[in-house]
Engineer: 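I have a structure here, written as structure tokens, and I will follow up with some questions on it.
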Amino acid sequence: MTEIIQLSAGLIGSLCFGVLFNLRGKRLPAAAFGGLLSWGLFLLLSNVIPNEPVNYFIVAAAASLYSEIMARVLKTPAAPIVTTSLVPLIPGGSLYYTMSYAFESDFGKFLEKAVSTLKLASALALGIIAVTALSHVLFKKGCTK
């Protein structure tokens with residue numbers, strides 16, 4: 001039951017950010033569904049792979065691949081779709097605790113949480129970059145022949 005609530009929250013959260021990013025037409029449901037897919041994949045991987053940054057990388061790469069495919073289908077840029085699809089994975093709680101420990105002058109916990117937060121954010125960025133770069137290379141080669 002909690003998985004259904006979490007998946008619904010991923011869908012609704014991505015939908016709301018899609019509205020905030022002014023996505024319209026078929027792009028809005030595609031981006032919202034991307035949020036559901038990304039959070040669902042994260043939940044599945046969390047049960048299999050104990051390393052959270054690795055999970056973030058895999059999910060970011062999968063969401064980026066989904067966004068590249070939907071961008072081609074909908075004839076729209078992939079950036080708004082991937083951004084909206086990855087909203088459920090933003091490490092907001094981790095960032096909150098990082099700043100909380102900094103304000104409490106608990107520098108041991110601050111440093112530990114800051115490194116963890118940077119790992120998660122970097123994994124998201126690297127997953128997006130890997131798939132986006134690969135798709136650009138593949139489609140550029142296909143266009144020049």
Side-chain angles (χ1 to χ4, degrees), residues 1-23 26-142:
M1 183 65 175
T2 61
E3 289 84 9
I4 294 171
I5 294 171
Q6 289 184 32
L7 291 172
S8 299
L11 177 83
I12 293 168
S14 292
L15 179 72
C16 292
F17 268 89
V19 170
L20 184 67
F21 292 156
N22 205 20
L23 294 179
K26 294 180 181 179
R27 295 186 315 165
L28 183 59
F33 187 68
L36 179 127
L37 287 177
S38 66
W39 190 251
L41 182 59
F42 179 76
L43 290 176
L44 285 174
L45 288 175
S46 295
N47 294 326
V48 179
I49 303 171
N51 192 339
E52 197 174 22
V54 171
N55 292 341
Y56 269 59
F57 176 80
I58 294 169
V59 172
S64 188
L65 179 63
Y66 167 78
S67 299
E68 291 290 337
I69 292 168
M70 292 309 297
R72 304 271 182 302
V73 169
L74 300 174
K75 296 178 175 71
T76 187
I81 297 173
V82 73
T83 304
T84 307
S85 295
L86 289 175
V87 162
L89 291 171
I90 294 172
S94 185
L95 185 59
Y96 169 81
Y97 287 113
T98 301
M99 297 308 297
S100 176
Y101 292 137
F103 286 126
E104 293 172 0
S105 298
D106 189 347
F107 294 111
K109 287 183 181 178
F110 163 75
L111 189 59
E112 178 184 335
K113 207 56 158 165
V115 168
S116 174
T117 303
L118 286 173
K119 284 180 184 178
L120 297 179
S122 298
L124 283 175
L126 289 174
I128 295 167
I129 289 168
V131 172
T132 303
L134 184 62
S135 72
H136 282 297
V137 167
L138 291 175
F139 286 111
K140 291 287 183 189
K141 282 189 176 183

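Note that the structure is a prediction, hence the values are computed from the model and not measured.
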Engineer: Which atom pair, heavy atoms only, marks the closest approach of I81 to T76?
Structural biologist: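 Distance-wise, the nearest heavy atoms are CD1-CG2, 3.9 Å.
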Engineer: Closest heavy-atom contact between S46 and N55?
Structural biologist: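 Taking every non-hydrogen atom into account, CA-ND2, 3.7 Å.
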Engineer: Considering non-hydrogen atoms only, spot the tightest contact between S64 and T132 and give its length.
Structural biologist: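 So the two residues come closest at OG-OG1, 3.4 Å.
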Engineer: Is the closest side-chain heavy-atom distance between S85 and L37 below 4.5 Å?
Structural biologist: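 Not in contact.
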Engineer: Output the distance between atom CD (E3) and atom CG (L43), rounded to the nearest 0.5 Å.
Structural biologist: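 The distance works out to 6.5 Å.
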Engineer: Check whether T84 reaches the backbone of S14 with its side chain - one donor and one acceptor, N or O, closer than 3.5 Å.
Structural biologist: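 No.
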Engineer: Is the number of heavy atoms from other residues, nucleotides or ligands within 6.0 Å of OH (Y97) greater than 12?
Structural biologist: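 No, the 6.0 Å shell around OH holds no more than 12 heavy atoms from other groups.
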Engineer: Rounded to the nearest 0.5 Å, what separates atom CG in L11 from atom CZ in F33?
Structural biologist: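 Spacing of CG (L11) from CZ (F33) equals 8.5 Å.
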Engineer: For G34, does its backbone N or O pair with a side-chain atom of S38 as donor and acceptor, under 3.5 Å?
Structural biologist: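 Between the backbone of G34 and the side chain of S38 there is a qualifying donor-acceptor contact (under 3.5 Å).
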Engineer: What residue pairs, at least two apart or across chains, pass side chain to side chain donor-acceptor pair (under 3.5 Å) with a residue in residues 66-75?
Structural biologist: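 Residue pairs passing side chain to side chain donor-acceptor pair (under 3.5 Å), neighbours aside: E68-R72, E68-S135.
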Engineer: Would you say S122's side chain and L118's backbone share a donor-acceptor pair under 3.5 angstrom?
Structural biologist: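 Between the backbone of L118 and the side chain of S122 there is a qualifying donor-acceptor contact (under 3.5 Å).
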Engineer: Atom CG in L95, atom CG in L120: separation rounded to 0.5 Å?
Structural biologist: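 With rounding to 0.5 Å, CG (L95) is 10.5 Å from CG (L120).
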Engineer: Do F107 and S105 touch side chain to side chain, with heavy atoms closer than 4.5 Å?
Structural biologist: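 A side-chain contact exists here, since the closest heavy-atom pair is under 4.5 Å.
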Engineer: Quick one: are V59 and Y56 in side-chain contact, heavy atoms under 4.5 Å?
Structural biologist: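 Counting from C-beta outward, V59 and Y56 never come under 4.5 Å.
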Engineer: Testing the basics here: between K113 and S94, what is the closest heavy-atom pair and its distance to 0.1 Å?
Structural biologist: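 That would be CG-O, 3.7 Å.
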Engineer: What's the separation between atom CG in D106 and atom CD in E112, rounded to the nearest 0.5 Å?
Structural biologist: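 Here the rounded value is 9.5 Å.
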Engineer: How close do A63 and L86 get, heavy atom to heavy atom, and via which atoms?
Structural biologist: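 Result for this residue pair: CB-CD2, 3.6 Å.
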Engineer: Once you round to the nearest 0.5 Å, how far does NZ of K26 lie from CG of L74?
Structural biologist: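 Between atom NZ of K26 and atom CG of L74 there are 7.0 Å.
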Engineer: Quick one: does I49's side chain get under 4.5 Å of I58's, heavy atoms only?
Structural biologist: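 Yes - at least one pair of side-chain heavy atoms lies under 4.5 Å apart.
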Engineer: What closest approach, in Å, do W39 and P88 show between heavy atoms, and which atom pair accounts for it?
Structural biologist: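 Answer, listing the atom of W39 first, then P88: CZ3-O, 3.5 Å.
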Engineer: Is it true that atom CZ of F42 has more than 12 heavy atoms of other residues, nucleotides or ligands lying nearer than 6.0 Å?
Structural biologist: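 Enclosed: over 12 neighbouring heavy atoms sit under 6.0 Å from CZ of F42.
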Engineer: Just verifying a value: how many Å separate I12 CD1 and I5 CD1, rounded to the nearest 0.5 Å?
Structural biologist: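 So the CD1 of I12 and the CD1 of I5 are separated by 10.5 Å.
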